[in-house]
Every structure is written in structure tokens, then in C-alpha cells.
Protein chains: 2
Amino acid sequence: MVKRVSLSGAECPVARALDVIGDWWSLLIIRDAFEGVRRFSEFQTGLGIAKGMLATRLRDLTERGVLETAPASDGSAYKEYVLTESGRGLFLAIVALRQWGEDHLYRAGERHSVLVDRTNGDPVARLELQASDGRVLAWNETQVRKAGEGAD
Amino acid sequence: MVKRVSLSGAECPVARALDVIGDWWSLLIIRDAFEGVRRFSEFQTGLGIAKGMLATRLRDLTERGVLETAPASDGSAYKEYVLTESGRGLFLAIVALRQWGEDHLYRAGERHSVLVDRTNGDPVARLELQASDGRVLAWNETQVRKAGEGAD
DNA sequence: AAATCTAGTTCTATTTTAGAACCAGATTCG
DNA sequence: CGAATCTGGTTCTAAAATAGAACTAGATTT
């Protein structure tokens with residue numbers, strides 16, 4: 001066997017993104033990082049993940065530039081894992097998954113957490129895809145232009 | 001061993017979403033479905049996925065309500081896999097991953113495919129998260145309110 | 001100084017994956 | 001029509017990933 005397929009050379013950005021964060025745990029780790037989780041043990045108990053898995057995921061995400069380590073903010077000799085600029089860029093991907101989950105994965109009456117505006121506590125708006133002129137675009141009003149075709 | 005952890009009962013919508021589409025191949029299958037791929041063999045050659053994997057992924061996604069089967073549109077006796085309403089709801093999640101990949105996973109000069117407005121060929125705008133009143137919100141201006149806290 | 005906590009590493013059993021081989025029914029070719 | 005081929009799988013095996021428990025070194029608390 002050749003080893004799990006790598007998509008890191010793909011010309012499709014979706015494939016490359018999944019190559020970095022497309023496994024079971026990575027996006028959950030990143031979600032927790034957005035909510036302020038920083039320490040190994042916090043990730044571990046919060047996610048219920050095996051310590052070995054967590055250690056390799058944190059290492060991989062750090063190597064890939066999504067997380068970075070920093071000295072612990074409480075002054076102890078331990079380290080913390082925080083999102084890099086690149087990692088923070090995943091915010092909208094997580095919000096999009098959240099909105100899809102809210103819409104399709106809860107039965108009526110079932111509760112879920114809600115993403116709110118910190119200044120006033122209101123739920124955030126739904127994401128929308130817009131054209132360059134601001135029109136809202138549905139999925140079937142778009143198209144993928146392959147690399148190298150037309151203007152680049 | 002207990003078997004791969006299930007997140008289907010989580011109170012976090014992100015976790016439930018990942019329970020459905022959080023594996024290696026599902027989002028790539030869905031991405032291809034958005035681009036018009038419908039037949040088993042099209043998915044198989046396009047993705048380079050093993051047939052066994054593809055068969056179980058298509059079955060799982062169908063059971064979970066992301067895809068549905070339909071008689072082949074060319075009149076043959078075969079069937080096709082098409083996105084359900086729920087599956088089409090994943091469009092923005094894929095767009096968000098695409099934009100992140102474009103921003104962070106290509107070196108200068110490397111080409112990638114581009115999502116464009118079908119009516120005029122212009123690249124689509126970047127996704128933005130807005131507050132209920134339309135202000136653009138950054139990740140650190142938001143907060144997750146746990147299920148059951150405050151208004152629900 | 002002893003006890004405990006943190007952040008891992010290592011080990012094993014089980015599950016998942018990749019890939020090849022096989023197969024039945026549908027379709028095309030001669 | 002019958003033979004060859006194509007489609008959409010299923011089954012098999014070996015390799016890799018995962019879960020979970022046990023162990024450990026260094027930091028911190030008592």
C-alpha cells in the first residue's frame with residue numbers, strides 16, 4: 001500500500017485545504033482554539049481525544065503553520081498552542097460548518113450552542129456568497145474555472 | 001477499543017457537521033457533485049479513490065441525507081448521485097475552505113482553479129461574517145454561547 | 001523532600017484505508 | 001443474436017491510523 005493519499009500538490013484549493021485540516025480532529029482542535037483553549041490538557045479533556053492522537057495532531061498543525069507554540073501566559077514553564085495568522089483564517093470555514101450543522105442536524109426542540117456578536121449578544125448573520133458587485137450568488141450561479149484558463 | 005468516536009449527539013453544531021462530512025473523502029465528493037459530477041465512475045476516476053471507499057462513502061452520504069440517488073439522466077439503467085437540499089447547503093463551507101486554501105497554501109506564481117460568477121466570469125467576492133445589523137465581524141468580536149444559556 | 005500535575009511517549013488491539021482481484025447485470029459491437 | 005466490453009459495485013489482503021492504557025521526565029505544589 002502506498003500510504004494515505006496526499007492532496008498537497010492539487011490544483012484545487014479545496015483539496016489542499018483538506019490535506020491540512022481534513023482529518024477527524026484538526027477542525028475540532030482549531031474550533032477550540034478559537035474559543036480560547038491553549039493548553040494540552042485543556043484540549044485533551046475538552047475533546048476527549050487520546051493523548052497520543054492529540055500530540056501528533058498538535059505537532060502536525062504546528063508544522064503546517066496553523067498553530068504555533070508560545071510560552072505559557074500564566075508564567076509557568078509550560079507552553080501553549082495558539083492560532084497563527086493562517087490558522088485564524090479558518091474562522092469562516094468553521095462558521096460555515098456551524099451554520100450547516102444548525103440548519104440540518106438538529107431536530108426541532110433540540111438545543112445547540114450559538115455564535116453571537118460579543119458586543120451585544122445577538123446571533124451573527126448567515127454567511128452569504130456575493131459577486132464582485134455585491135449581488136448574492138447561489139451555488140448554481142457560480143462555476144469553477146480551472147487553473148490556467150482565461151485570466152489568471 | 002471502542003470504535004471511532006461519534007460526535008452525532010454533540011451540542012456543538014460544528015462537531016455534528018464533522019461527524020457527517022469530517023472524513024477524508026466526503027467533502028471532495030461533495031465538491032465534485034457541485035461541479036456536476038453524478039456517476040460512480042466519474043467520481044472514481046476524478047478523485048482517484050479506491051472503488052470500495054467510494055462505494056461506502058456514497059452509501060453513507062446517501063443515508064445521512066447529503067446525497068440521493070436518481071435514475072441516470074441519459075436514459076440508461078444506471079443511477080446517479082445528486083446533492084439533496086441539505087447537501088447543497090454545504091456550498092459555503094466548501095467556498096470557505098477554498099478561499100482559505102487559496103490564501104495560505106499556494107506559493108507565489110503557483111496556479112489554482114478559481115470560483116467565478118457564471119454570468120460574467122468574474123471571481124466571486126470574499127466571504128464575510130456580519131453582525132445582525134450588517135457590521136463585519138472578526139473572529140475575536142464573536143463568542144460561542146452554550147446551549148441553554150441566555151435566549152434560545 | 002515527597003506527592004502530584006503536565007505534557008507528553010510508547011505499546012497493543014482494533015479499525016480503517018488502499019489497492020487489487022473478482023463479479024453480475026447493462027450496453028455496445030460484429 | 002452472441003461476444004466483448006463497460007458500469008457499478010463486492011470481497012480480499014496488507015499496511016496504516018486510531019483508541020486507550022501504561023509509563024515517564026520534568027515542573028509545580030504541599
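Sequence lines set the chain letters: A, B, ... in the order given, protein chains first and strands last, and positions in each chain run from 1.
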Rounded to whole angstroms, how far apart are CZ on Phe43(A) and P on dA7(C)?
-> 11 Å
Taking only the side-chain heavy atoms of Ala50(A) (C-beta and beyond), determine which of dA18(C), dG20(D), dG8(C) contains the nearest atom.
-> dG20(D)
Would you kindly compare Ala77(A) and Arg59(B) by the position of their nearest DNA chain D nucleotide and give the one closer to the 5′ end?
-> Arg59(B)
Whole-Å gap separating C1' (dA7(C)) and CE (Met53(A)) | 16 Å
State, with a plain yes or no, whether a side-chain heavy atom of Leu61(B) is found less than 4.5 Å away from one of Arg64(B).
-> no
Between dT10(D) atom P and Gln44(B) atom CD, what is the distance in whole Å?
-> 13 Å
DNA chain D nearest-nucleotide lookup for Gly52(A) and Ala55(B): closer to the 5′ end is Ala55(B)
Would you kindly give the CZ-to-P distance between Phe40(A) and dG8(C), to the nearest whole Å?
-> 6 Å
Can you check whether Arg145(B) reaches Ser113(A) side chain to side chain, under 4.5 Å on heavy atoms?
-> no
Counting only side-chain N and O atoms of Tyr81(B), is one of them less than 4.0 Å from OP1 or OP2 of dG9(D)?
-> yes
Within the pair Ser41(A) and dT6(C), is there a side-chain N or O less than 4.0 Å away from OP1 or OP2?
-> no
Same apolar cluster: Val82(A) and Ile21(A), side chain cutoff 4.5 Å = no
Under 3.5 Å side-chain donor-acceptor pair for Glu80(B) and Thr69(B) | no
Looking only at side-chain atoms of Arg57(B), point me to the closest of dT17(C), dG9(D), dT18(D).
-> dT17(C)
Does OP1 or OP2 of dA19(D) have a side-chain N or O of Trp25(A) closer than 4.0 Å?
-> yes
Would you say Arg39(A) reaches dT6(C)'s phosphate, i.e. side-chain N/O to OP1/OP2 under 4.0 Å?
-> no
Does Lys51(B) have a side-chain nitrogen or oxygen under 4.0 Å from the phosphate oxygens OP1 or OP2 of dT11(D)?
-> no
Distance, rounded to the nearest Å, where Tyr78(A) contributes OH and dA27(D) contributes P | 8 Å
Glu141(A) side chain reached by Val124(B) side chain, heavy atoms, under 4.5 Å = no
